[in-house]
Every structure is written in C-alpha cells, then in structure tokens.
Amino acid sequence: MSASFADGVYAIVRQIPPGCVITYGAIARVLGDPRKARQVGWAMALTPAASEPIPAHRVINARGDIPGGHASRRYRLHRKRLEAEGVVFMADGRVDLERYLWLPSS
DNA sequence: CATTTGACTCTAT
DNA sequence: AATAGAGCCAAAT
C-alpha cells in the first residue's frame, strides 16, 4: 500500500471537522515526525483539484496564519471558507489556534 | 544522478 | 520585536 507522506496528510486533513483548523507541524507530529512540517506543506500544495474532499483551507502554519502573505489568493480563499464555517479571524488576519486548532483522535 | 526549491518551524543574533 | 540562519525531507527539473 502507499506509504507516502502526502497520503497520511490527506487522511488527517480529510478528517478535520468544519469550523476547525490544524497546523502543518501538528499534522507532521501526528504522522510521527514533527520535522516533516515542510513535506506537509508540499502535500497540500500538491493537493490536486481531484482532492476536493480535502479541505486544505483548514491547514495553516504554526502561527495560525497562511504563508505567502495575506495578499495571496489562497489566503482569501481559506479565510472565506473558514469564515463560512464559523471561524472568526483575528484583527491580525489570523486564526485563533487556541480556539480552532483541532487535533485528530479527538 | 545532482541541484533546486518549497503552503514549515525553531533557535539564535 | 524583527531578521537571519539552520534543520529536515520529499518532489521537481
């Protein structure tokens, strides 16, 4: 069976409930290697359009923000979707990790 | 096969 | 507080 890191990432991201978010580091940690945070990002970046069930917009960085800057297209998309799910963004344009960070197996 | 790069994170300066 | 550097790994070229 496939043991690609991306597969594990997708498996977790797919299980993120609405109105919740998760960080790259958290995913990597759950997968067993907290240092693979970058690869999580890679997996997300590769998230093909065919991966619709994969809510990549719920995946953010350790700061509760999105890399690339708030001017990035994905930031607006993520924010819009998260807000649609009831997630409230802070004035900084960040998500309150303390409040929305979701961990698998919970 | 070697080099580059990237949606990260942490630590140090 | 902000910036810079290092660590780590996989996919792309």
Side-chain angles (χ1 to χ4, degrees):
Chain A
M1 66 156 254
S2 17
S4 297
F5 204 81
D7 293 331
V9 175
Y10 297 146
I12 292 175
V13 176
R14 218 181 281 126
Q15 288 163 56
I16 301 175
C20 289
V21 297
I22 190 168
T23 67
Y24 298 99
I27 295 174
R29 195 186 210 90
V30 171
L31 290 177
D33 288 314
R35 298 165 294 210
K36 280 179 133 187
R38 295 169 97 155
Q39 266 45 335
V40 176
W42 255 108
M44 305 317 298
L46 294 178
T47 311
S51 309
E52 278 182 58
I54 300 179
H57 57 271
R58 293 186 188 137
V59 185
I60 55 186
N61 67 15
R63 258 176 78 209
D65 206 353
I66 297 166
H70 296 176
S72 204
R73 203 151 145 273
R74 80 174 54 95
Y75 173 79
R76 293 195 203 165
L77 180 62
H78 287 205
R79 175 167 175 168
K80 189 170 187 175
R81 287 198 184 210
L82 291 172
E83 286 184 320
E85 293 178 354
V87 176
V88 179
F89 278 69
M90 296 187 293
D92 311 28
R94 276 179 251 154
V95 180
D96 191 344
L97 291 178
E98 292 291 301
R99 182 177 173 147
Y100 299 107
L101 179 60
W102 171 85
L103 254 21
S105 303
S106 70

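Proteins get letters first, then strands, A, B, ... in listed order; numbering begins at 1 in each. Every heavy atom of this structure was used, including side-chain atoms; hydrogens, water molecules and symmetry mates were not.
Closest to the His78(A) side chain, of the nucleotides dA7(B), dT9(B), dT5(B), is dA7(B). Closest to the side chain of Arg74(A), out of dG6(B), dC8(B), dA7(B), is dA7(B). Out of dC10(B), dG6(B), dA7(B), the shortest distance to the side chain of Trp42(A) is found at dG6(B). Comparing dA7(B), dT9(B), dA10(C) by their nearest atom to the side chain of Thr23(A) picks out dT9(B).
Counting to the nearest Å, the P atom of dC8(B) and the CE atom of Met44(A) are 12 Å from each other. What separates CZ of Phe5(A) from C1' of dG6(B) is a distance of 15 Å, to the nearest Å. Between the CG atom of Asp65(A) and the C1' atom of dT9(B) there is a distance of 14 Å, rounded to whole Å. Computed from coordinates, the Leu97(A) CG to dC8(B) C1' distance equals 14 Å when rounded to whole Å. Summarising the geometry, the separation between CG on Asp33(A) and P on dC10(B) is reported as 15 Å, rounded to the nearest angstrom. In this structure, Arg38(A) places its CZ atom 12 Å from P of dA10(C), rounding to the nearest Å. Atom pair Lys36(A):NZ and dG7(C):C1' shows a separation of 14 Å (rounding to whole Å applied). The interatomic distance linking Arg63(A) (CZ) with dT9(B) (P) rounds to 10 Å, in whole Å.
Hydrophobic clustering (ILVMFWY, side-chain heavy atoms < 4.5 Å, transitive): Val88(A) and Leu97(A) are in one cluster.
A 6.0 Å sphere centred on CZ of Arg29(A) holds no more than 12 heavy atoms belonging to other residues, nucleotides or ligands.
Side-chain atoms of Tyr10(A) come within 3.5 Å of backbone N or O of Ala43(A) as a donor-acceptor pair.
Within 4.0 Å of Gly68(A), counting heavy atoms only, lies no atom of the nucleic acid at all.
Rounded to the nearest 0.5 Å, atoms CH2 (Trp102(A)) and CD1 (Ile12(A)) are 7.5 Å apart.
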